Amino acid sequence: MRFSRYFAPTLREEPAEAEVVSHKLLLRAGMIRRVASGIYNFLPLGLRVLRKVENIVREEMNRAGALEVLMPLVQPGELWRETGRWDKFGKELLRFKDRKDHDFCLGPTHEEVITDLVRGEVRSYRQLPLILYQIATKFRDEIRPRFGLMRGREFIMKDAYSFDVDEEGLDKSYQTMYEAYERIFKRCGLKFRAVLADTGAIGGSESHEFMVLADTGEDVIATCPACGYAANLEMAEAQREFSYPDEPEKPLEKVATPEARKVEEVTAFLGVSPEKLVKTLIYIVDGQPYAVLIRGDHELNEIKLRKALNAEEVQMADSETVEKLTSAPVGFAGPVGLSGVKIIADKAITGLKNFIVGANEADAHYVNVNYPRDFQIEAFFDLRNVIEGDPCPKCGKPLKLVRGIEVGHVFKLGTKYSEAMGATFLDAEGKERPFVMGCYGIGVSRTMAAAIEQNHDENGIIWPVNIAPFHVVLLTLNPKNTSLMEVSERLYKKLEAEGIEVLWDERNERPGVKFKDADLIGFPCQLVVGKTFEKEGKLEIKERATGEKRLLSEEEAINFLKERVTAGSGE
RNA sequence: CGGGACGUGGCUCAGCCUGGUAGAGCACUGGGUUCGGGACUCAGGGGUCGCAGGUUCAAAUCCUGCCGUCCCGACCA
């Protein structure tokens, strides 16, 4: 492809609409353009990258024995009523009516449609296991779309669904998909980790998230360098047992703490360390008020809270509710003398002596509070986020926290959907049984963004070779020099003949412009035909990732590129 | 949904406070010079100043409402 005939509108300046690196660079490199909030056009360069990721996903799904299908974006509300998700799903499910006034929605996921398909066609255990997948557009009307392709409303996703006769079969399908995912992200050239995850709204028993490691990631992962354990924050059990000094219990005392609400304010005012303070957070758990005690220097994890109480929904109480329950403004809640609210606590509080809590009274805290002397606790749970240095739940060595971007998620669903929708088959005994299902997603467009978050520098994107829009950019620095153009054209044809994807920049632009664009777009290699060739008959190859340059003959250059392309293919 | 910021040629922004009939740089078109890290020069084209009301002799500028975008929070595969 000749650059002069291509459509790659690069931007010299940072677009005002973007904040995060991948979003800025996708816009600047002329890969995407915004159509509406969270909805984007893919331009030729961006589409090429998307297709590369898709193809890797497709090849590995096929290799794993999954079969590709294509399901509709528009789905009947009827199916969603069957599983109860028509009412349960929030506003992310974009609902509308057709001309006959029938309910429809844009599919945020396809469990209902696939289960409907399979229940209609698969009758016998002999037809199992079955894994179907698609690569398609999804729509979720996100509360707040952001970060470009990272959290769009419309996005490209690969979703696969497995159907098995029993749990054992599901374990096998799950394992197959897990391994396919490892191959996929490896082939995409990304540094990633599979981590234990919560199953969330989709439901099910076991789940792993595949995280692309990047400092700019939204998610925090607890990992153990010693044993390889890796988990999401809500899954990483905080096991550390604190031993507090065995001081005598001092008498309870109320002190004035004017305007001191936050932990830092109270500890600063009283001149104590935050671990001496116990925060009292008021939550509404399935409609019931709870006071949750947690050490001042720790963070509550709401998912842990939800699971500890076996609840459907946990929500932090609004300030009105807090005032009603504690008869004090927000910031002064405490367990002492609190009634009408169940009190639970994080395990780390066990054994803490002479601590500080809110006094359920404006501008006042209690000091020298002791449990169980001064108040009661219904139960202790693990409710806090682990912190760096906490012991690994598996081997006890200190944990590390790293950041990542979730690009894949595998779930064991079990029979949740098949039962709700009456999707059954006959087993060997002629007995009717529900399919045991799994579901497996990969955010394809998000993977593109994650790849950039992980691989970029101040000059632009650094694509891993397997998902780069082109393998190499051929830069003819002075296109008015006919001998340079002849050499370039010959090279261009040879490269194409070798199956190397080349974008030939023969634009009548100054060299600086071409170098800048090449760096920005992030081609893995730049092949330069310029002065060096005129003087020495040598081509220059620059590797984008390292900046390393080498001078080579035509033959050597082509061989070098061939090697680079195959070495990266991961086949 | 709560908090904040913004909306002026394709892009980045100035002008708004203090009302007087729209600017700069980049990009674009034509000419000339230049050609290994976002050139120079001459001549051009291009703007309902987000939309709708209102105030005023006069509104990009002041007022009201709406729309859109982005950020933070809540939420989230």
Side-chain angles (χ1 to χ4, degrees), chain A residues 9-20 23-24 27-28 30 33-39 85 89-93 107-111 138-148 150-153 155-159 197-204 207-211 218-219 232 234 283 302-303 306 313-319 405-411 413 439-446 458-460 475-481 484 505 507-520 526 528-535 539-540 542 547 549 551:
Chain A
T10 56
L11 266 24
R12 179 191 296 242
E13 287 174 274
E14 301 226 317
E17 72 185 63
E19 199 68 24
V20 300
H23 191 190
K24 281 183 192 167
L27 287 165
R28 285 194 56 209
R33 286 292 184 267
R34 193 182 63 82
V35 177
S37 179
I39 299 176
R85 289 210 290 183
F89 230 91
K91 286 201 176 157
E92 292 78 46
L93 184 66
T109 173
H110 283 70
E111 280 83 9
K138 298 264 187 272
F139 191 93
R140 295 180 191 172
D141 200 359
E142 292 284 346
I143 298 173
R144 181 149 89 86
R146 54 185 134 172
F147 308 149
M150 203 74 97
R151 185 182 294 269
R153 291 195 289 172
F155 56 101
I156 309 289
M157 183 166 165
K158 186 282 307 181
D159 48 327
D198 181 53
T199 48
I202 287 187
S207 174
H208 285 87
E209 286 174 351
F210 285 77
M211 309 286 255
E218 283 189 276
D219 297 311
N232 223 322
E234 59 257 29
Y283 270 82
E302 293 190 0
I303 294 168
R306 195 193 70 214
E313 202 194 355
V314 302
Q315 211 183 359
M316 203 160 191
D318 56 34
S319 47
I405 300 159
E406 183 192 346
V407 289
H409 204 157
V410 293
F411 290 91
L413 291 175
C439 85
Y440 317 91
I442 290 180
V444 177
S445 41
R446 181 187 275 189
E458 66 282 3
N459 295 313
L475 302 176
T476 306
L477 295 187
N478 184 355
K480 291 202 175 140
N481 179 322
L484 288 187
D505 192 348
R507 290 177 299 172
N508 187 18
E509 287 286 354
R510 297 177 63 83
V513 173
K514 299 187 181 191
F515 284 125
K516 288 285 182 192
D517 274 346
D519 285 347
L520 175 62
Q526 300 170 11
V528 186
V529 185
K531 275 216 176 99
T532 320
F533 189 82
E534 281 183 288
K535 284 188 196 143
L539 299 161
E540 182 183 289
K542 185 183 124 180
K549 293 175 183 173
L551 295 179

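This structure is a prediction, so every number in the text was calculated from the model and none was measured. Both backbone and side-chain heavy atoms feed into the values below; hydrogens, waters and symmetry mates do not.
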**OP:** Just compare B:G36, B:G38, B:A74 and give me whichever is closest to any side-chain atom of A:P511.
**Re:** B:G36
Subject >> No-H, no-angle donor-acceptor pair, A:D519 side chain to B:G37 base, under 3.5 Å >> reply: yes
Original post:
Between B:A58 and B:G2, how far is it from one P atom to the other, in whole Å?
Top reply: 37 Å
**OP:** Check step by step if side-chain contact (heavy atoms from CB on, under 4.5 Å) holds for A:V528 and A:F533.
**Re:** CA-CA 9 Å; A:V528 186; A:F533 189 82; over 6 Å; no
**OP:** Write down the distance separating the C1' atoms in B:A24 and B:U8, rounded off to the nearest Å.
**Re:** 12 Å
Original post:
From B:U12, B:G38, B:C71, pick the nucleotide closest to the side chain of A:L520?
Top reply: B:G38
Original post:
Which nucleotide in the set B:C70, B:A74, B:U34 lies at the smallest distance from any side-chain heavy atom of A:E19?
Top reply: B:C70
Original post:
Heavy atoms under 4.0 Å, any strand shown: does A:K480 hit a base, just sugar-phosphate, or nothing?
Top reply: base
Original post:
When all nucleic acid strands are considered with a 4.0 Å heavy-atom cut-off, which category describes A:A16: base, sugar-phosphate, or nothing?
Top reply: sugar-phosphate
Original post:
If we only count heavy atoms from C-beta on, is the A:I405 to A:M150 side-chain gap below 4.5 Å?
Top reply: yes
**OP:** Using atom types as modelled and distance alone, determine if a side-chain donor or acceptor of A:R140 lies under 3.5 Å from a backbone N or O of A:P108.
**Re:** yes
Subject >> Watson-Crick or G-U wobble mate for B:C17, both contacts under 3.5 Å >> reply: none
**OP:** Round to the nearest Å and state the distance from A:N508 atom CG to B:U29 atom P.
**Re:** 11 Å
Subject >> Gap between atoms CZ and C1', on A:R510 and B:G37 respectively (whole Å) >> reply: 10 Å
**OP:** Between A:F155 and A:P15, name the one whose nearest nucleotide on RNA chain B is closer to the 5' end.
**Re:** A:P15
**OP:** Between B:U61 and B:G9, how far apart are the P atoms? Round to whole Å, please.
**Re:** 14 Å
**OP:** Tell me which nucleotide among B:G37, B:U34, B:C76 gets nearest to the side chain of A:K516.
**Re:** B:G37
Original post:
Under 4.0 Å: is that the gap between some side-chain N or O of A:R12 and OP1 or OP2 of B:A27?
Top reply: yes
**OP:** Take atom CE of A:M150 and atom C1' of B:C71, then tell me their distance rounded to the nearest Å.
**Re:** 16 Å
**OP:** Output, in order, the C-alpha distance, side-chain angles, deciding distance and verdict of side-chain contact (heavy atoms from CB on, under 4.5 Å) for A:H23 and A:E17.
**Re:** CA-CA 9 Å; A:H23 191 190; A:E17 72 185 63; 4.0 Å; yes
Original post:
Base, sugar-phosphate, or nothing: which does A:K91 touch, judged by heavy atoms less than 4.0 Å apart?
Top reply: nothing
**OP:** Would you indicate what A:E218 reaches in the nucleic acid, counting non-hydrogen atoms under 4.0 angstrom: base, sugar-phosphate, or nothing?
**Re:** nothing
**OP:** Verify the neighbour count for atom CD of A:E302: are there more than 12 heavy atoms of other residues, nucleotides or ligands below 6.0 Å?
**Re:** yes
Original post:
At what distance, to the nearest 0.5 angstrom, does CG of A:N481 lie from NZ of A:K531?
Top reply: 11.0 Å
Subject >> Interatomic distance, A:E406 CD vs B:C75 P [rounded to whole Å] >> reply: 17 Å
Original post:
What is the nucleic acid contact for A:P9, judged by heavy atoms within less than 4.0 Å: base, sugar-phosphate only, or nothing?
Top reply: nothing
**OP:** Indicate, with a heavy-atom threshold strictly under 4.0 Å, whether A:N481 touches base, sugar-phosphate, or nothing.
**Re:** nothing
**OP:** May I have the distance from A:Q315 (atom CD) to B:A74 (atom P), rounded to whole angstrom?
**Re:** 12 Å
**OP:** Ignoring the backbone of A:F147, work out which of B:C72, B:U34, B:G25 is nearest its side chain.
**Re:** B:C72
Original post:
A:F210 and A:I442: side-chain contact (heavy atoms from CB on, under 4.5 Å), yes or no, with the steps?
Top reply: CA-CA 9 Å; A:F210 285 77; A:I442 290 180; over 6 Å; no
Original post:
Given the C1' atoms of B:C71 and B:U29, what is the spacing between them in whole Å?
Top reply: 39 Å
**OP:** Sticking with atom P, work out how far B:G68 lies from B:G30, rounded to a whole angstrom.
**Re:** 40 Å
**OP:** Find the distance A:E92:CD to B:C1:P and express it as a whole number of Å.
**Re:** 14 Å
**OP:** May I have the distance from A:D517 (atom CG) to B:C11 (atom P), rounded to whole angstrom?
**Re:** 18 Å
Subject >> Opposite nucleotide pairing with B:U56, Watson-Crick or G-U, both atom distances under 3.5 Å >> reply: none
Original post:
Choosing from B:C75, B:C35, B:G37, which nucleotide comes nearest the side chain of A:I143?
Top reply: B:C75
Subject >> Pairing partner of B:A24 (Watson-Crick or G-U wobble, both distances under 3.5 Å) >> reply: B:U12
Subject >> Assigned partner base of B:G7, Watson-Crick or wobble definition, under 3.5 Å >> reply: B:C67
**OP:** Could you point out which residue of A:E142, A:E19, A:E406, A:E92 forms a salt bridge (charged side-chain N to carboxylate O under 4.0 Å, His left out) with A:R151?
**Re:** A:E142
Original post:
Nearest to the side chain of A:E13, which nucleotide is it out of B:G25, B:U34, B:C1?
Top reply: B:G25
Original post:
Does A:R144 have a side-chain nitrogen or oxygen under 4.0 Å from the phosphate oxygens OP1 or OP2 of B:C72?
Top reply: yes
Original post:
Base, sugar-phosphate, or nothing: which does A:G441 touch, judged by heavy atoms less than 4.0 Å apart?
Top reply: nothing
**OP:** Indicate the atoms forming the closest heavy-atom contact of A:P9 with A:R33, along with that distance.
**Re:** O-NH2, 2.7 Å
Please produce a list of atom pairs where a protein N or O lies less than 3.5 Å from an N or O of nucleotides 66-69 of chain B.
{"residue": "B:U69", "atom": "OP1", "partner": "A:S37", "partner atom": "N", "Å": "3.1"}

Original post:
Between B:G36, B:A39, B:C71, which one does the side chain of A:E540 approach most closely?
Top reply: B:G36
Subject >> Separation between the C1' atoms of B:G46 and B:G25, rounded to whole Å >> reply: 16 Å
Original post:
Taking atom P in both B:U64 and B:G44, what distance in whole Å separates the two?
Top reply: 43 Å
Original post:
In the strands shown, is B:C1 matched to any nucleotide by a Watson-Crick or G-U wobble pair with both distances under 3.5 Å, and which?
Top reply: B:G73
Original post:
Just how far, in rounded Å, is C1' of B:G36 from NZ of A:K535?
Top reply: 9 Å
Original post:
Closest nucleotide of RNA chain B for A:G148 versus for A:N459: which of these residues is on the 5' side?
Top reply: A:N459
Subject >> Test item: A:T532 and A:K549 side chains (from C-beta on) under 4.5 Å apart, heavy atoms >> reply: no
Original post:
When the P atoms of B:C13 and B:C57 are considered, how many whole Å apart are they?
Top reply: 37 Å
Original post:
What heavy-atom pair brings A:N508 and A:P479 nearest, and what distance separates the two atoms?
Top reply: CA-CG, 3.9 Å
Subject >> Nearest-neighbour nucleotide for the A:T10 side chain, B:C35, B:U34, B:G38 considered >> reply: B:G38
